[in-house]
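Protein chains get the first letters and strands the later ones, always in sequence-line order, with residue 1 at the start of each.
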2 protein chains.
Amino acid sequence: MSEDTLGGVDGLRDRTRRAVRADLAERAMVLFRERGFDETTVDDIARAAGMSKRSFFRYFATKEDAVLGLVDELGERVVEDIRARPADEPPWECLRQVLRQSEERIRTSADALRLIESTPALRAAHHGKRDQTRALIATALRDRPGSTLAPFAADLLATAAGAALDAAAREWLRTGGTADRAHLLDQAFAALRPKLA
Amino acid sequence: MSEDTLGGVDGLRDRTRRAVRADLAERAMVLFRERGFDETTVDDIARAAGMSKRSFFRYFATKEDAVLGLVDELGERVVEDIRARPADEPPWECLRQVLRQSEERIRTSADALRLIESTPALRAAHHGKRDQTRALIATALRDRPGSTLAPFAADLLATAAGAALDAAAREWLRTGGTADRAHLLDQAFAALRPKLA
DNA sequence: CCTCTGTGTGTCACTCGGTGTCGACTTCGG
DNA sequence: CCGAAGTCGACACCGAGTGACACACAGAGG
């Protein structure tokens, strides 16, 4: 188990695991689209992928994660991205840039977002992940060199940014997925720009 | 069952039902404080109140509702309050006033809020209820006489107001429940005031 | 070749949240 | 007094998620 006992430098184990995860997520999405989230059991998904229910839970902690798994991995990157921005950039502009990058990485199809938006259990799980990220973002903002942000201010900034992201996503859905996501996000950020005392 | 077939004008059935609900919620909170939310089963709560698990679910749709039941009833009032405000009041100021009223109605103790904030399942459920309310608020804003708000703008306003409320609540928790909730809310609202194009 | 070990898997049994159903009991109205 | 409606307990059931155990299949080393 000395890290390179197997195949490639990248770790063969990790790659196959990733592949199985992706396959599982894809098959799950097909079933969810066909029959709806609540009407699809974990056993259905597992059987469709040729494995047992137990094994499904070795790849995803919850049923919701089969949909949200990829989405919230982006959240972890956001924190790194913040640290990578120039230190003298105003916090709000920093958040806008970072979230634009994040949006571009998202290649989530409209109906995946629609599924999330229309399924209470998925919306709840999504919000949960987002909440964790928000807390991380707030501390990341305060940790920037030269930052004088109070906890309240940092929290408010991170929360407002999340609000902008949410409202933009919903507007995008309202347009049937035709509008420019980045433009909507800019509009929301421009409208909200906080005035910190 | 013509509304006054029973006892008082208020309906005896409703009153007893409300009383049982309140008792149940109170006993649930005690157990949650003692052992934590996840470590307390619905059966524990039901037995503590001298009833069966089945009957618990005749009073609360979910376990979470035993904690959140009262909190989110306030959400329904918010929509009515919006319609009661003067029609020429700017939307953001309208939201601020309405949410201040709502805050005053909340007499939730600090540790109840802390329980919600520290329990993922409760936070998720809380957000879920809030989401529903947010949608209602957005349409209520657009329905105000003389309103020219686009759906996107109304959504953004409602979402931003929710963000202000959240950030203020967390700051209040950070101060250990000593700060002035209304003042924190005003600060958050002042910082965010949206500039609609 | 054989064994040891790590990893992935299936199976089984279990807990717990939540629902459907049925039968007993009460309360109220006619 | 009879019937409608509401409440409740008991029981069976479903699905998400977990823990335990056994098994299979690598690769490593003797």
Quiz item: Less than 3.5 Å between a donor and an acceptor, one on the side chain of B:R54 and one on the base of C:dG20, is that the case here?
Solution: yes

Exercise. Whole angstrom is fine here: how far is it from CZ in B:F56 over to P in D:dC8?
Key: 13 Å

Exercise. With A:D44 as reference, evaluate A:K53, A:R35, A:R27 under the salt bridge (Lys or Arg N to Asp or Glu O under 4.0 Å) test and give the passing residue.
Key: A:R35

Quiz item: What nucleic acid atoms does A:R21 come within less than 4.0 Å of, heavy atoms only: base, sugar-phosphate, or nothing?
Solution: nothing

Exercise. Would you kindly give the CZ-to-P distance between B:R17 and D:dA5, to the nearest whole Å?
Key: 18 Å

Practice problem: Please work out if B:R58 contacts a base, only the sugar-phosphate, or nothing of the nucleic acid, heavy-atom cut-off 4.0 Å. | Solution: base

Quiz prompt | Polar side-chain contact B:K63-C:dG18 base: donor and acceptor under 3.5 Å | solution = no

Quiz item: Whole-Å distance between D:dA10 P and B:K53 NZ?
Solution: 13 Å

Quiz item: Roughly, in whole Å, what's the span from CD in A:E39 to P in D:dC14?
Solution: 17 Å

Quiz item: How many Å lie between CZ on B:F32 and C1' on C:dG17, as a whole number?
Solution: 12 Å

Quiz item: Are B:L136 and B:L156 connected, step by step, through hydrophobic side chains (Ile, Leu, Val, Met, Phe, Trp, Tyr) whose heavy atoms are closer than 4.5 Å?
Solution: no

Practice problem: Using atom CZ of A:F60 as one end and atom P of D:dT18 as the other, report the distance to the nearest whole Å. | Solution: 14 Å

Quiz item: Do you know the tightest heavy-atom contact between A:T62 and A:F56?
Solution: O-CE2, 4.1 Å

Quiz item: Can a side chain N or O of A:S55 be found less than 4.0 Å away from OP1 or OP2 on C:dG10?
Solution: yes

Exercise. Let me know the distance between CE of B:M51 and P of C:dG18, rounded to the nearest Å.
Key: 16 Å

Quiz prompt | Shared hydrophobic cluster for B:L149 and A:L184 (ILVMFWY, side-chain gaps under 4.5 Å) | solution = no

Practice problem: Report the relative orientation of the aromatic rings in B:F189 and B:W92; use parallel for angles under 30°, tilted for 30 to 60°, perpendicular for over 60°. | Solution: tilted

Exercise. Looking at every strand, decide which applies to A:T40 at a 4.0 Å heavy-atom threshold: base, sugar-phosphate, or nothing.
Key: sugar-phosphate

Exercise. Would you mind classifying the nucleic acid contact of A:S52 as base, sugar-phosphate or nothing, using non-hydrogen atoms under 4.0 angstrom?
Key: base

Quiz item: How many Å lie between CZ on B:F57 and P on D:dC11, as a whole number?
Solution: 18 Å

Self-check item: Side-chain N,O (B:Y59) to OP1/OP2 (D:dT7) below 4.0 Å
Solution: no

